[in-house]
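Have a look at the structure below, then the notes.
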Protein chains: 2
Amino acid sequence: MSEGAGRAKRADARRNEKALLDAAADVFVTSGVDAPVRDIAAKAGVGMGTIYRHFPTRADLIVAVYRHQVEALAEAGPHLLATSETPYAALAKWIDRFVDFLVTKHGLAAVLQSDDAGFQTLHAYFLDRLVPVCTELVEAAAGSGEIRSDIGALELMRGVGNLCVSPDNDKRYDPRRLVALLIAGLKKPGP
Amino acid sequence: MSEGAGRAKRADARRNEKALLDAAADVFVTSGVDAPVRDIAAKAGVGMGTIYRHFPTRADLIVAVYRHQVEALAEAGPHLLATSETPYAALAKWIDRFVDFLVTKHGLAAVLQSDDAGFQTLHAYFLDRLVPVCTELVEAAAGSGEIRSDIGALELMRGVGNLCVSPDNDKRYDPRRLVALLIAGLKKPGP
DNA sequence: TTGCTAAACGGAACACGGTTCCGTATCGTT
DNA sequence: AACGATACGGAACCGTGTTCCGTTTAGCAA
């Protein structure tokens, strides 16, 4: 539903979009996802107008940069479910990968939880793509009786996302450990 | 170590400080703790210079506004420990109050996790005051064998704080439920 | 009361980052 | 070669935080 739709793009436009994507990816790792727009434009060697034309909001840019990885994460869900001991194990592993993704992206988790109007796109994409996957895992685990069934995938992912927001490399705060606690808390109260 | 220290303050200075505190408390509830500095100054009927003289950083202002409530929370710890069934129950109740405090303060949780330089004061105060209390509760619960002992009070509080960051009134995200999960996950793996 | 000085005040000016707008340059086609 | 559509660049604008300094005022002493 996207390729052959409108008019063909001009060559320079395509080139600039690529340049911006590369520059953004670069800047994101060094300065975080909330780096100044000017920096990205500068690194890509384009003007301010150009960046806004290609990516009207910062969220669009972020989505574009991380689309591949989100896609991979989404696809990992069913696979994990098929190859793991139990649905709960699959869920745990998937969440683990989710955490990996978030903690390696300086500031992504923080922006993911922002309710700022401009980030609707970001929420929409990340959640639309991942929540169904997570839902499948959660329901499977609930169905097998391993976990309580009063918690939604969205809520769970938001919680995990929140736990992943951490000041840069603070040794005393390990998101993984807390997420592990949360996931452990998911289990049905033992008999 | 603060009362009789320096020179006495002028009457107008005291008055303005009070006015600022009141104005800030007001503005915080309606516009959140990250409301524009100008708004607060305006509401208090003072100039920009005045607000910065009394509260060099936003954190100072926040701390001043919520000092009472933080104090109350700190004092609640020992009391809960003394009056609850078990240390774990005390811990759970205390965390509950902590959550209450955070969720009713529009944006406080978010700012509490910021690693921005200017918020060092805020971290310092909140954590210095509450971590020891929480530590007492955690250690008591660990000592009674109810919870695992590989998690620190700081980490726990940060996790809870993070979970309390939520977009305004989103029905689908309930910090309390997730915190409950986290606290449940704290319990020793059942036999 | 009056005069003096340190303390405190107010708000204009500056810094910075996001966003918009429009004159100009470029692409692709005829 | 010429022309229209498309895309570009970057100056200008806006909202916020922050600083600075000329002016005002409280408190005290003569």
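The chains referred to below are lettered A, B, ... by the order of the sequence lines, with proteins before strands, and numbering in each begins at 1.
As rounded to whole Å, 13 Å separates atom P of D:dC28 from atom CG of B:D12. Distance CG (A:D60) to P (C:dG18): 15 Å, rounded to an integer number of Å. Taking atom CD1 of B:I40 as the reference point, atom P of D:dT18 lies 12 Å away to the nearest angstrom. For the pair B:R53 CZ and C:dG11 P, the interatomic distance rounds to 13 Å; values are reported in whole Å. Distance A:I51 CD1 to C:dT20 C1': 14 Å, rounded to the nearest Å. Taking atom CG on A:D39 and atom P on C:dC16, their separation rounds to 12 Å, with Å as the unit. As rounded to whole Å, 11 Å separates atom P of C:dC9 from atom CZ of B:F55. Per the geometry, OH belonging to A:Y52 stands 16 Å off C1' belonging to D:dC8, to the nearest Å.
With DNA chain D read from its 5' end, the first of the two nearest nucleotides for B:R14 and A:G45 is the one closest to A:G45. Looking at which nucleotide of DNA chain D each of B:D34 and B:R15 is closest to, the 5′-most match is held by B:D34.
Put simply, the side chain of B:F98 does not reach to within 4.5 Å of the side chain of B:V179, judged on heavy atoms.
Here the shortest heavy-atom pairing between B:R97 and B:A72 reads NH2-O, 4.3 Å.
Taking hydrophobic clusters as Ile, Leu, Val, Met, Phe, Trp and Tyr residues chained together by side-chain heavy-atom distances below 4.5 Å, A:V165 does not share a cluster with B:L127.
In terms of phosphate contacts, B:N16 brings a side-chain nitrogen or oxygen within less than 4.0 Å of OP1 or OP2 of C:dC9. Taking 4.0 angstrom as the limit, B:T50 places none of its side-chain polar atoms (N or O) nearer than this to OP1 or OP2 of C:dA8. B:R10 has no side-chain polar atom (N or O) that falls below the 4.0 Å cut-off from OP1 or OP2 of D:dT25. For C:dC9, one of the phosphate oxygens OP1 or OP2 lies less than 4.0 angstrom from a side-chain nitrogen or oxygen of B:H54.
For the pairing with B:D12, the side chain to side chain donor-acceptor pair (under 3.5 Å) check across B:R14, B:R15, B:R10 returns one residue only, B:R10.
Checking C:dC27, C:dG10, C:dA12 against the side-chain heavy atoms of B:M48 singles out C:dA12 as nearest. Ranking C:dT19, D:dG17, C:dG28 by closeness to the A:A11 side chain, first place goes to C:dG28. The nucleotide whose nearest atom lies closest to any side-chain atom of A:P36 is, among C:dG18, D:dG17, C:dC27, C:dG18.
Remark: A:D22 engages A:K18 in a salt bridge, criterion side-chain N to carboxylate O under 4.0 Å.
At the heavy-atom level, B:R38 lies under 4.0 Å from base atoms of the strands shown.
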